[in-house]
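Everything on this sheet refers to the single structure shown next.
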Amino acid sequence: MQYPKRFTREIIEALEIFRFSDEHEFRNRFIGLSIDFFPIYIEIGLIILFLLKVDPSILLFLSILSFFYALFHFYKIFIDTKNVVLKKYEIKIPGLTKEVSFIFVSDMHYGPEYYGADATKIRKMVDLINSRNKDLVIFGGDFVCRKLDSSIATEYAKVKAEDVIGIYGNHDSLYLNEKQGAEMPVRFLESMNGSGIKFLNNEGFKYGDIYFGGITDICSMNLDVEKAFEEGKGDETRVLLSHHPDIFDFIKEEDNISLVLSGHTHGGQIYLPVVGSVLTIPCRNTNLVKGLYQITDKLQLFISMGAGFSSTRMRLGTQCEVCEITLTN
C-alpha cells in the first residue's frame, strides 16, 4: 500500500494497534451487554444472598437499593437514549477578525443495532439543530453504526442551513472486520445522496474568514492535510475537520492550523471520576477524551462527546450533544 508521506513507521504501527479490530469490538460488546443487563446480575446476587439465608433486614435494604437503581438504569437505557442536549462552547482563536458561530455534531450512529440511534432520535437532533438557526452546520462523521440505509439521507436533508458540510468516520467507512484500506467509502457516500451534505474528502470550504479543511478518516490511510487546504489563500484562519482526534500527530507547524474539530471518543461515553473512561475507543492519545485541549501554542483540539452511542445505550458522566461553537478573538 502507498501510504501518505506524513505516515511515519511509528504512526502506522500505532494505527495497527489502536484501530478497530474484531477483538476490540468483541471486548466492547461484552462490556456493553454487561452494563445494559447489570440489574439482572444484581437480582441474581440477591437470590444467592436469600439462599444463603442472609439477615432479612440486610436483604430488604439491598432489595430497596436495587429497586431504585433498576429504575435509574431503565431510564438511562430506554428513555435517556432519545435525548440530545445543546451544549454551547466558546473557543478563542487569536487573530480571528470576526466572530463566527456554527453547529458541530459528531457520532450520530444511526442503525438497527440495539445501541444504534433510530430515525426518531435523528429527527429530534435535526429539530434541535434547526432551532438554533445557524447558517453553517458541520457533521463530524460516524453517521451509521454498521449498516447503510439510504432512507436516513432524507432526514438530514431537513437541516435548515445555508451550508451543511461533513466528513466521514470509521463506521461510515465500514472499516470494522478488518476492512481498513485506502479506498473511499463509495457505498456510504452514495447512500447519503440527497442529504444536502457536502462531504469534504481532503477538500476545503471557505466560510467568511475561516477555511475549513476536511480530511478522510485516519484509518483509511488516505488523508492529505496539505490537499485539504491547498485552495486556501493562506491568510484565513484554518480549522481542520477530522473524525479521529489523533490527527494532530500528522499536523506540522507550517500547516498554520489553529483548531481541530473531532469526535470519535464519545467523551468516554461512561466517564467516571478517578477511573476515567470505561469504554475505551482506540486512540493513541487516550488522555484526550472530550472538550477543548491546547496541543501547542497555536493549535487547539476540540472533541465532541457525540450524539449517539457505541456498545451500550448507557451514558454516565457524558451526554449526547449538539455543539453550538462560537469562535472569537
Side-chain angles (χ1 to χ4, degrees), residues 83-109 124-143 159-167 169 197 200 205 207-215 236-248 251 257-269 271 276-277 281 283 285 287-309 315-329:
N83 295 327
V84 185
V85 300
L86 178 75
K87 302 279 285 187
K88 296 183 179 181
Y89 298 91
E90 182 177 297
I91 302 176
K92 294 185 177 182
I93 298 181
L96 187 66
T97 56
K98 185 179 180 181
E99 181 176 290
V100 175
S101 183
F102 55 88
I103 296 294
F104 178 65
V105 193
S106 185
D107 299 273
M108 292 66 67
H109 286 281
K124 182 177 289 190
M125 180 193 72
V126 170
D127 288 343
L128 181 58
I129 291 172
N130 290 339
S131 72
R132 302 310 299 164
N133 195 31
K134 299 296 180 182
D135 291 332
L136 176 63
V137 174
I138 302 173
F139 289 102
D142 274 5
F143 290 81
V159 173
K160 298 176 182 178
E162 185 176 336
D163 296 298
V164 184
I165 61 177
I167 53 177
I197 300 172
L200 303 179
F205 179 83
Y207 185 79
D209 294 331
I210 297 179
Y211 196 87
F212 292 93
I215 59 169
E236 309 102 332
T237 296
R238 291 185 167 191
V239 176
L240 178 65
L241 308 179
S242 169
H243 175 71
H244 203 300
D246 278 343
I247 185 60
F248 69 80
I251 296 174
I257 295 171
S258 300
L259 174 66
V260 175
L261 297 178
S262 293
H264 187 61
T265 66
H266 299 197
Q269 190 161 317
Y271 194 86
S277 177
I281 301 295
C283 288
N285 304 281
N287 59 317
L288 305 179
V289 180
K290 58 182 177 177
L292 187 64
Y293 300 90
Q294 190 75 42
I295 303 302
T296 67
D297 290 342
K298 178 178 176 57
L299 179 63
Q300 297 181 81
L301 168 68
F302 176 80
I303 306 177
S304 168
M305 292 184 286
F309 302 86
R315 271 188 182 263
L316 285 175
T318 64
Q319 293 176 296
C320 292
E321 67 175 359
V322 166
C323 306
E324 182 177 320
I325 296 178
T326 302
L327 305 183
T328 65
N329 188 340

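Any value given below was found using the heavy atoms of this structure, including those in side chains, with hydrogens, waters and symmetry copies removed. In this text, all values refer to a predicted model and were calculated from it rather than measured experimentally.
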Taking ring pair (Phe, Tyr, Trp, His ring centres under 6.0 Å) as the definition, give me every residue that meets it alongside Phe302, ordered by chain and number, with sequence neighbours left out. Tyr89
Is it true that a side-chain atom of Gln300 and a backbone atom of Ile93 form a donor plus acceptor pair closer than 3.5 Å? no
Does Ile103 reach the side chain of Val159, with side-chain heavy atoms less than 4.5 Å apart? no
So, taking the atom named CD1 in Ile215 and the one named NE2 in His243, what distance separates them when rounded to the nearest 0.5 Å? 11.0 Å
Which pairs count as salt bridge (Lys or Arg N to Asp or Glu O under 4.0 Å) when at least one residue sits in residues 316-329, sequence neighbours excluded? Arg132-Glu324, Lys134-Glu324
In terms of heavy-atom contacts, Phe102 and Leu136 come closest through CB-O, 3.3 Å
List the atom pairs, donor and acceptor, that lie under 3.5 Å between side-chain atoms in residues 207-214 and the rest of the protein, sequence neighbours left out.
{"residue": "Asp209", "atom": "OD2", "partner": "Thr97", "partner atom": "OG1", "Å": "2.4"}

Assess the residue pair Phe139 and Ile129 against the criterion (side-chain contact (heavy atoms from CB on, under 4.5 Å)); give the C-alpha distance rounded to whole Å, side-chain angles, the decisive distance to 0.1 Å, and a yes or no. CA-CA 11 Å; Phe139 289 102; Ile129 291 172; 4.1 Å; yes
Whether the side chain of Ser262 engages the backbone of Ile303 through a donor-acceptor N/O pair (distance < 3.5 Å, no angle test) should be reported. no
For Asp127, the side-chain hydrogen bond (donor to acceptor under 3.5 Å, both in side chains) test, sequence neighbours excluded, returns none
Value for CD1 (Ile247) from NE2 (His264), rounded to nearest 0.5 Å, stands at 12.0 Å
What distance do Lys87 atom NZ and Gln319 atom CD have between them, rounded to the nearest 0.5 Å? 5.0 Å
Under the 3.5 angstrom rule, does the side chain of Arg315 hit a backbone N or O of Gly308 as a donor-acceptor pair? yes
Partners meeting side-chain hydrogen bond (donor to acceptor under 3.5 Å, both in side chains) with Thr326 (sequence neighbours left out): Ser101
Single hit among Thr328, Thr237, Ile91 for side chain to side chain contact (heavy atoms under 4.5 Å, CB included) with Leu96: Thr237
Contact summary for Ser106 and Gly141, nearest pair of heavy atoms: OG-O, 3.7 Å
Pairwise distance CG(Asp107) to CZ(Phe143) - rounded to 0.5 angstrom: 10.0 Å
Audit row: Ile325, Leu261, side-chain contact (heavy atoms from CB on, under 4.5 Å) steps and yes/no: CA-CA 10 Å; Ile325 296 178; Leu261 297 178; 3.9 Å; yes
Have a look at Pro245 and tell me which of Val260, Thr265, Leu288 forms a side chain to side chain contact (heavy atoms under 4.5 Å, CB included) with it. Thr265
Test side-chain contact (heavy atoms from CB on, under 4.5 Å) on Phe309 and Gln269; report intermediate values, then the result. CA-CA 7 Å; Phe309 302 86; Gln269 190 161 317; 3.9 Å; yes
Test side-chain contact (heavy atoms from CB on, under 4.5 Å) on Ile138 and Phe205; report intermediate values, then the result. CA-CA 11 Å; Ile138 302 173; Phe205 179 83; over 6 Å; no
May I ask you to check whether over 12 heavy atoms, not counting those of Asp297, lie within 6.0 Å of atom CG? no
Residues which pass side-chain hydrogen bond (donor to acceptor under 3.5 Å, both in side chains) with Lys160, listed by chain and number, not counting sequence neighbours: none
How many angstroms lie between OG in Ser304 and NZ in Lys290, if you round to the nearest 0.5 Å? 11.5 Å
Rounded to the nearest 0.5 Å, what separates atom CG in Leu259 from atom CG in Leu301? 8.0 Å
